[in-house]
Asks: 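One structure coming up, written as structure tokens, with questions to follow.
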There are 2 protein chains.
Amino acid sequence: MARGPRPSEIHAEVGRRLATRGVRYTSGRRTVIGALQRVSGPQSAADLHKRIRSVPLSSLYRSLTVLDESGIVRRHHDAVGLARFELAEWLTGHHHHVVCIDCGTVEDVELDAATETVLDTVAASVAGSAGYELGGHVLEVEGVCSSCRV
Amino acid sequence: MARGPRPSEIHAEVGRRLATRGVRYTSGRRTVIGALQRVSGPQSAADLHKRIRSVPLSSLYRSLTVLDESGIVRRHHDAVGLARFELAEWLTGHHHHVVCIDCGTVEDVELDAATETVLDTVAASVAGSAGYELGGHVLEVEGVCSSCRV
DNA sequence: TTCCTTGCAAACGATTTGCATTGGA
DNA sequence: TCCAATGCAAATCGTTTGCAAGGAA
């Protein structure tokens, strides 16, 4: 399975990628990447802001936007419509999400190669029959997490 | 595959479901359900409002909220974060989405029973290994639609 | 020096809500 | 009749943006 660069190399990778686009890898942006690296699952701007009070919200949003446009982070939207950000798959490895229907928590999950192959096949046939050129796939498994099941 | 009631029976089904919750099936709500029935893929409030000018936006949102809470429509959020609504699966049958990475269009796709079984198995194992009680699954296939590929 | 980036405050826009009125069972 | 539903306008709130100051190459 395609895991990304190891954690210690992520900053270098990101810096390189930004450089080729004429974008600076400033300390604020490093802080954001660092925070995303330390957690699991997509984070809202508010979540991140709580962890890194040094970066004001507006700058945080601006950084996340640039990082998204540069393919370094990926923006999702949770069930409530809140924007949530996570490192792109080339940095973390391909993975899927398990979403708790009750509390909304999202956790990352990696599938074994065999299963992933099956999904690829399914995705390809779906894309084909709809006349789409396949780009990727996202499997979201919904359920009730252990804390909500108590 | 579990298809829902036929189109002509949907209003009756919806009315029945709402009644058990002490919610009225008013003409405005009928209009909304009718509009959702006529299109394919999740619609934004603005989309719906364009089709049914008779229902003011605020009422539209209120109806969609009630219908969502009653399990009659389901709310999603597209790549831009806009809320999009579609009839619940017990009314339309279980299906998945193909999303165009370029224009954001979302189309419904139904898989054959065999493939669906495979997905169920995958979803169950994912939920299990994450300690979740399985609720359902969503496969989103991303690609480039034919019009964007020109 | 030259742009890109940052901070703050103000602006935006989708969605929600208060309140008086209307309408369905 | 009686309470839920509606419409309008005002309020929310996550997110974006203008502009002047700060910082990296």
Side-chain angles (χ1 to χ4, degrees), chain A residues 11-12 14-35 42-70 72-86 104 106, chain B residues 11-12 14-36 42-70 72-86 104:
Chain A
H11 284 303
V14 171
R16 216 164 299 156
R17 178 107 158 204
L18 288 178
T20 68
R21 308 183 102 239
V23 175
R24 295 174 189 160
Y25 196 26
T26 62
S27 73
R29 289 170 186 174
R30 267 169 217 277
T31 308
V32 174
I33 295 296
Q43 308 290 305
S44 70
D47 289 342
L48 291 170
H49 185 240
K50 257 180 286 182
R51 286 172 191 278
I52 48 181
R53 294 190 318 272
S54 64
V55 182
L57 256 185
S58 68
S59 302
L60 182 49
Y61 274 112
R62 267 198 274 234
S63 292
L64 289 168
T65 301
V66 171
L67 292 169
D68 179 29
E69 291 167 349
S70 304
I72 291 162
V73 310
R74 169 128 193 212
R75 178 191 307 233
H76 299 279
H77 289 272
D78 65 18
V80 197
L82 257 187
R84 292 186 170 275
F85 305 84
E86 64 179 346
V106 182
Chain B
H11 284 303
V14 171
R16 217 164 299 155
R17 177 109 161 205
L18 287 178
T20 68
R21 307 184 102 239
V23 175
R24 294 173 188 162
Y25 196 24
T26 61
S27 73
R29 290 171 185 173
R30 269 167 217 278
T31 309
V32 173
I33 296 296
L36 284 174
Q43 307 290 304
S44 70
D47 288 342
L48 292 171
H49 185 240
K50 256 179 289 182
R51 287 173 190 278
I52 48 182
R53 293 191 318 275
S54 64
V55 181
L57 256 185
S58 68
S59 302
L60 182 49
Y61 275 112
R62 266 197 274 234
S63 292
L64 289 168
T65 300
V66 170
L67 293 169
D68 179 29
E69 291 166 349
S70 304
I72 291 163
V73 310
R74 169 126 193 213
R75 176 191 308 235
H76 299 279
H77 289 273
D78 64 16
V80 197
L82 256 187
R84 292 186 169 277
F85 305 83
E86 64 179 346

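Lettering follows sequence order; numbering is per chain, from 1. Bear in mind that the values here come from a model prediction, so they are computed numbers and not experimental data.
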Asks: Look only at the side chain of A:Arg75 and the backbone of A:Ala83, and say whether a donor-acceptor pair between them is shorter than 3.5 Å.
Replies: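 It does not hold such a pair.
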
Asks: Contact class for B:Arg29 (heavy atom, under 4.0 Å): base, sugar-phosphate, or nothing?
Replies: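 Here B:Arg29 touches the backbone only, sparing every base.
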
Asks: Could you tell me the boundaries of the chain A footprint on DNA chain D, defined by atoms under 4.0 Å from its heavy atoms?
Replies: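 First and last nucleotides in contact are D:dG14 to D:dA24.
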
Asks: Let me know, please, whether B:Arg24 or A:Arg24 comes out on the 5' side of the other along DNA chain C by nearest nucleotide.
Replies: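 It is A:Arg24 whose nearest nucleotide is closer to the 5' end.
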
Asks: B:Ser58 near the nucleic acid: base, sugar-phosphate alone, or nothing, with a heavy-atom cut-off under 4.0 Å?
Replies: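 Contact class for B:Ser58: base.
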
Asks: Return the minimal non-hydrogen interatomic distance between A:Val55 and A:Ser59, and the atom names on each side.
Replies: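 Scanning both residues, the minimum pair turns out to be CG1-CB, 4.1 Å.
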
Asks: Heavy atoms under 4.0 Å, any strand shown: does B:Leu82 hit a base, just sugar-phosphate, or nothing?
Replies: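 Sugar-phosphate: the residue B:Leu82, judged by heavy atoms under 4.0 Å, touches backbone atoms but no base.
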
Asks: Is there a donor-acceptor pair under 3.5 Å between the side chain of A:Asp68 and the backbone N or O of A:Thr65?
Replies: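 Checked: no pair found.
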
Asks: Assign A:Val23 to base, sugar-phosphate, or nothing according to its heavy-atom contacts below 4.0 angstrom with the strands shown.
Replies: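 The residue A:Val23 makes sugar-phosphate contact but no base contact.
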
Asks: DNA chain D: B:Pro56 or A:Ala46, which has the more 5' nearest nucleotide?
Replies: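 It is B:Pro56, whose closest nucleotide lies nearer the 5' terminus.
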
Asks: A side-chain contact here means heavy atoms from C-beta on lying under 4.5 Å apart; do A:Val106 and A:Glu86 qualify?
Replies: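 No; the side chains remain at least 4.5 Å from each other.
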
Asks: Under a 3.5 Å distance rule, please check whether B:Arg17 uses its side chain to pair with a backbone N or O of B:Ser70 as donor and acceptor.
Replies: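 At least one qualifying donor-acceptor pair exists.
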
Asks: Considering only heavy atoms from C-beta outward, does the side chain of B:Leu36 approach that of B:Leu67 to under 4.5 Å?
Replies: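 No, side chains not in contact.
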
Asks: Starting from the 5' end of DNA chain C, give me the residue, B:Tyr25 or B:Arg75, whose nearest nucleotide shows up first.
Replies: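 That would be B:Arg75.
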
Asks: Going from NE2 on A:His77 to CG on B:Leu82, what distance comes out if it is rounded to the nearest 0.5 angstrom?
Replies: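 Reported value, rounded in 0.5 Å steps: 9.0 Å.
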
Asks: Using a heavy-atom cut-off of 4.0 Å to chain B, what are the terminal contacting nucleotides of DNA chain C, in 5' to 3' order?
Replies: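 Going 5' to 3' along DNA chain C, contacts run C:dA14 to C:dG24.
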
Asks: Does the B:Arg29 side chain pair with the main chain of B:Arg24, one donor and one acceptor, at a distance under 3.5 Å?
Replies: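 Such a contact is found between B:Arg29 side chain and B:Arg24 backbone.
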
